[in-house]
Number of protein chains: 2
Amino acid sequence: MSTDQKTSYLDVKNVIRRRIHDTVWEPGSLMPGEVELSQEFGCARATVNRALRELAQDGMIERKRKAGTRIKSAPTRHAKFVIPRIREEIERMGFDYRYALIERKEKTIPDWLCARIGGKAGEDVLHLRCMHYAGSRAFQYEDRWINLVSAPKARAQTFQDINPNEWLIREVPFSDGEVILSTVNADQIMSEMLNVSLGAALFTLERITWLKDMPMTFAKLYFHAGYQMTTRL
Amino acid sequence: MSTDQKTSYLDVKNVIRRRIHDTVWEPGSLMPGEVELSQEFGCARATVNRALRELAQDGMIERKRKAGTRIKSAPTRHAKFVIPRIREEIERMGFDYRYALIERKEKTIPDWLCARIGGKAGEDVLHLRCMHYAGSRAFQYEDRWINLVSAPKARAQTFQDINPNEWLIREVPFSDGEVILSTVNADQIMSEMLNVSLGAALFTLERITWLKDMPMTFAKLYFHAGYQMTTRL
DNA sequence: CAGTGGTCTAGACCACGTG
DNA sequence: ACGTGGTCTAGACCACTGT
């Protein structure tokens with residue numbers, strides 16, 4: 001009568017976590033290899049492997065072939081935030097989503113944008129300014145630039161009835177992106193658009209998207225006052 | 001002469017990703033089961049399993065036992081942000097990290113905090129206000145509350161020479177947490193502390209931490225003007 | 001070159017949740 | 001009840017990289 005349930009990768013994960021927390025293994029030091037651990041835990045190497053793989057993904061340890069696995073001295077904390085599609089975010093709150101194009105202009109790429117996203121000088125870009133509403137309330141002001149070289153189809157799109165994000169998702173694949181969260185004091189334009197007082201603290205999200213080194217689009221989103229992003233750890 | 005390298009879980013992942021993007025399988029609909037896919041790809045079920053598991057983790061699909069695997073209609077976009085330890089963040093920028101305690105006071109838990117973190121009325125808490133400097137420049141103002149019921153050891157700690165976060169990491173385990181990013185206009189105190197003009201837009205990070213339903217600590221961090229969080233997708 | 005993690009396999013049993 | 005995903009195993013080969 002042995003209560004020999006097989007040891008799960010979760011058990012392994014937890015034990016190791018505990019050991020790291022209790023400094024059984026010094027930060028920065030090497031921990032035993034997979035084979036050794038699998039013997040200790042009485043399970044297959046694959047089980048240990050999965051536990052360690054996930055711990056590495058969580059940023060608790062660092063693994064290198066031949067070098068072994070070491071405890072991260074500075075256990076990095078990650079938080080996963082949802083970057084919502086605006087329509088869904090608004091509808092999930094129970095409001096009607098409404099979109100309005102304010103301006104649409106083809107231009108030559110400005111220098112600052114060139115530097116910002118790594119484009120080539122002289123290329124054509126499409127500049128869009130739009131608003132997103134939740135019911136009758138202004139929700140987000142969007143300042144969007146689309147590279148017409150890498151996304152020429154945008155030329156034929158008026159963006160009167162579809163917002164840039166939804167169009168891009170449908171029409172343009174992308175490989176890589178960058179997101180920057182920051183804040184800004186509302187200037188004249190934003191205060192009018194978002195109906196907030198001049199200087200109000202606004203949450204902003206900048207997003208750059210590439211397709212294999214080709215810059216596709218740059219967007220700066222200004223949220224209504226009081227907007228916040230939430231996540232669980 | 002067959003170039004029969006074994007198909008990797010990465011291959012599977014990529015093909016599936018492609019199919020989802022190309023709407024080979026309708027959003028919201030069921031996709032084939034693991035067995036069927038493993039036959040199609042000519043690999044072991046474990047391989048398909050890993051591919052699907054990771055795709056689920058990336059938010060592209062949703063899996064349920066017995067129900068099968070379906071394509072997420074609203075492919076959620078996630079972004080993983082690093083929640084840095086302030087000392088490391090500052091030192092990584094090449095500055096000296098300096099910490100200063102401004103105020104330390106034991107109190108009865110205020111109502112708003114009670115509601116905020118789900119504590120019991122009447123419990124004792126420790127309220128700390130501190131500053132973090134990068135070299136000579138103010139970097140972050142911290143407003144911290146520690147539950148003295150769940151972390152009684154905090155009573156004996158002056159927090160003169162160690163910042164709350166580092167102490168908590170060392171002394172108190174935690175199971176669960178919540179992070180909220182938002183913005184605020186600098187009030188009198190913050191403008192003095194962070195040396196910014198009154199009303200400047202500040203980036204704030206609130207953090208609540210629990211240990212098995214026991215609220216441990218609540219912190220609101222106010223960053224210097226111009227602070228931003230960055231991540232790759 | 002040799003040791004460590006990375007991955008694949010084929011088969012097995014289990015747990016959950018739908019019908 | 002039973003089908004689907006979830007996990008474990010034992011063994012094998014590969015790929016990277018420190019020595």
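Since this is a predicted model, take the numbers as computed values, not measurements.
- Judged by distance alone, the side chain of B/Asp22 and the main-chain N or O of B/Val24 form no donor-acceptor pair under 3.5 Å.
- For the contact set between residues 53-63 of chain A and DNA chain C, defined by any heavy atom under 4.0 Å, the members are A/Arg63.
- Mapping B/Gly33 and B/Ala46 onto DNA chain D via the closest heavy atom, the residue that lands nearer the 5' end is B/Gly33.
- Between A/Lys64 and B/Leu10, the residue whose closest nucleotide on DNA chain C is further toward the 5' end is A/Lys64.
- Of all nucleotides in DNA chain C having an atom under 4.0 Å from a heavy atom of chain B, the first and last in 5' to 3' order are C/dT7 to C/dT18.
- A parallel orientation is assigned to the rings of A/Tyr227 and A/Phe223, their planes being inclined by less than 30° (bins at 30° and 60°).
- Checked for salt-bridge contact, B/Glu166 and B/Arg87 meet the test: a charged N lies under 4.0 Å from a carboxylate O.
- Annotation: B/Tyr133 is not in aromatic contact with B/Phe139 [ring centroid separation under 6.0 Å not met].
- Distance check, rounded to the nearest 0.5 Å: CD of A/Glu54 to CG of A/Asn49 gives 10.0 Å.
- Using a 4.0 Å cut-off between a side-chain N of Lys or Arg and a carboxylate O of Asp or Glu, B/Arg65 and B/Glu34 do not qualify as a salt bridge.
- Classification of the B/His132-B/Tyr99 ring pair by plane angle, with boundaries at 30° and 60°, yields tilted.
- Checked by atom type and distance alone, the side chain of A/Thr217 pairs as donor or acceptor with a backbone atom of A/Trp145 at under 3.5 Å.
- As a whole-Å value, the separation of B/Arg70 CZ from D/dT4 C1' is 13 Å.
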